[in-house]
Colleague: 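Can you keep this structure in mind? I'll have questions shortly.
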Amino acid sequence: QVQLVESGGGLVQPGGSLRLSCAASGIFRSINTMAWYRQASGEQRALVAAISGGTTNYADSVKGRFTISRDNAKNTVYLQMNSLKPEDTAVYYCNAELSTWLSSRWSDPANYWGQGTQVTVSS
């Protein structure tokens, strides 16, 4: 079974920094786009940043502060978050497009989600 596991969340003061990691494990292939989403309490889940090859995309609210990167050899995607603000408080989720092994063939690519990691920005 393929799993995405996030780490690096926690409590940080405004203006501080955190680095989130998401590692994929299991039998899989066709990792195309990897992305970070976040969901604040009472709000819908929203895209924060995405990376596909060398192309990156960011939500307007985090441009200039967050940086997404990936290490394909480690099957890991990162989110460096600087100059954090209270409005960045949310559960952050990792997302990836993957194909899994179905005993005799590879599945069609599908979206997989991690369990989420809490980021709280408060003084």
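Everything numeric in this text was worked out from a predicted model, so none of it was measured.
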Colleague: Drop me the distance from Leu4's CG to Ser25's OG, to the nearest 0.5 angstrom.
Modeller: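 Spacing of CG (Leu4) from OG (Ser25) equals 8.0 Å.
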Colleague: Show the numbers, then the answer: is there a side chain to side chain donor-acceptor pair (under 3.5 Å) between Arg38 and Tyr92?
Modeller: CA-CA 4 Å; Arg38 67 186 182 188; Tyr92 284 70; 2.9 Å; yes
Colleague: Is the shortest heavy-atom distance from the side chain of Gln1 to the side chain of Thr100 under 4.5 Å?
Modeller: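 They are not in side-chain contact.
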Colleague: Starting at CG of Leu79, measure out to CD1 of Ile51 and round the result to the nearest 0.5 Å.
Modeller: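 Taking CG in Leu79 and CD1 in Ile51, the distance rounds to 10.5 Å.
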Colleague: Which distance, rounded to the nearest 0.5 Å, do you find between the CD1 of Ile68 and the CD of Gln80?
Modeller: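 The CD atom of Gln80 is 12.5 Å from CD1 of Ile68, to the nearest 0.5 Å.
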Colleague: Nearest heavy-atom pair of Ser17 and Ser83: which atoms, and what distance?
Modeller: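 Scanning both residues, the minimum pair turns out to be OG-N, 4.3 Å.
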Colleague: Apply side-chain contact (heavy atoms from CB on, under 4.5 Å) to residues Cys94 and Val77 and explain how you reach the verdict.
Modeller: CA-CA 8 Å; Cys94 177; Val77 63; 3.8 Å; yes
Colleague: Mind checking whether Tyr37 and Met34 sit in one hydrophobic cluster, side chains of I, L, V, M, F, W, Y counted as touching below 4.5 Å?
Modeller: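 The answer is no; the residues belong to distinct hydrophobic clusters.
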Colleague: Any non-hydrogen side-chain atom of Thr33 less than 4.5 Å from a side-chain atom of Asn95?
Modeller: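 In short, these two side chains do not touch, never coming nearer than 4.5 Å.
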Colleague: Between Thr67 and Tyr78, is any pair of side-chain heavy atoms under 4.5 Å apart?
Modeller: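 Side-chain contact under 4.5 Å: no.
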Colleague: Flag yes if more than 12 heavy atoms outside Gln44 fall under 6.0 Å of its CD atom; otherwise flag no.
Modeller: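 Open.
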Colleague: Excluding sequence neighbours, so at least two apart, what forms side-chain contact (heavy atoms from CB on, under 4.5 Å) with Ala40?
Modeller: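 side-chain contact (heavy atoms from CB on, under 4.5 Å) list for Ala40, sorted by chain: Glu43, Ala90.
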Colleague: Given the rule in the side-chain contact (heavy atoms from CB on, under 4.5 Å) test, do Lys85 and Val121 qualify, once you have shown the distances and angles that lead to the verdict?
Modeller: CA-CA 6 Å; Lys85 304 175 181 179; Val121 184; 5.5 Å; no
Colleague: Looking at Val2 and Ile27, what are the two nearest heavy atoms and their distance?
Modeller: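 Val2 and Ile27 have their closest heavy atoms at CG2-O, 3.5 Å.
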Colleague: Would you check if the side chain of Ser122 reaches a backbone N or O of Thr120 as a donor-acceptor pair within less than 3.5 Å?
Modeller: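 Looks like no, no N/O pair under 3.5 Å.
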Colleague: Can you name the closest pair of heavy atoms from Tyr112 and Ala110 and give their distance?
Modeller: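 Here Tyr112 and Ala110 meet closest at CD1-O, 3.3 Å.
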Colleague: Quick check: are there more than 12 heavy atoms from other residues, nucleotides or ligands sitting under 6.0 Å from CG of Leu47?
Modeller: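 Yes, the 6.0 Å shell around CG holds more than 12 heavy atoms from other groups.
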Colleague: So Trp113 and Arg45, do their side chains get closer than 4.5 Å, heavy atoms only?
Modeller: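 The answer is yes, as the side chains (C-beta and beyond) meet within the 4.5 Å cut-off.
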Colleague: How far apart are the closest heavy atoms of Ser107 and Ser99, and which atoms are they?
Modeller: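 The answer is O-OG, 3.1 Å.
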Colleague: For Glu6 and Gly116, indicate whether the former's side chain and the latter's backbone hold a donor-acceptor pair under 3.5 Å.
Modeller: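 Present.
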Colleague: For the residue pair Trp101 and Trp106, does the interplanar ring angle fall in the parallel (under 30°), tilted (30 to 60°) or perpendicular (over 60°) class?
Modeller: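 Answer is perpendicular, since the angle exceeds 60°.
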Colleague: Side-chain heavy atoms nearer than 4.5 Å, only ILVMFWY residues, links allowed to pass through others: does that put Leu20 and Val91 together?
Modeller: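 The answer is no; the residues belong to distinct hydrophobic clusters.
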Colleague: Looking only at heavy atoms, which two atoms of Gly114 and Tyr93 are closest? And how far apart?
Modeller: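 Reported closest heavy-atom pair: O-CD2, 3.6 Å.
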Colleague: What are the two closest heavy atoms between Ser21 and Trp36, and how far apart are they?
Modeller: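 The pair with the smallest heavy-atom distance is O-CH2, 3.7 Å.
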Colleague: Between Leu18 and Leu84, is any pair of side-chain heavy atoms under 4.5 Å apart?
Modeller: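 SC-SC contact between Leu18 and Leu84 confirmed.
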Colleague: Suppose the criterion is salt bridge (charged side-chain N to carboxylate O under 4.0 Å, His left out): which pairs have a residue in residues 60-72, not counting sequence neighbours?
Modeller: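 The answer is Asp60-Lys63, Arg65-Asp88.
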Colleague: I'd like to know whether CD of Gln115 has more than 12 heavy-atom contacts from other residues, nucleotides or ligands below 6.0 angstrom.
Modeller: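 No, not enclosed.
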Colleague: Do the side chains of Phe66 and Asn82 get nearer than 4.5 Å, heavy atoms only?
Modeller: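 Answer no - side chains too far apart.
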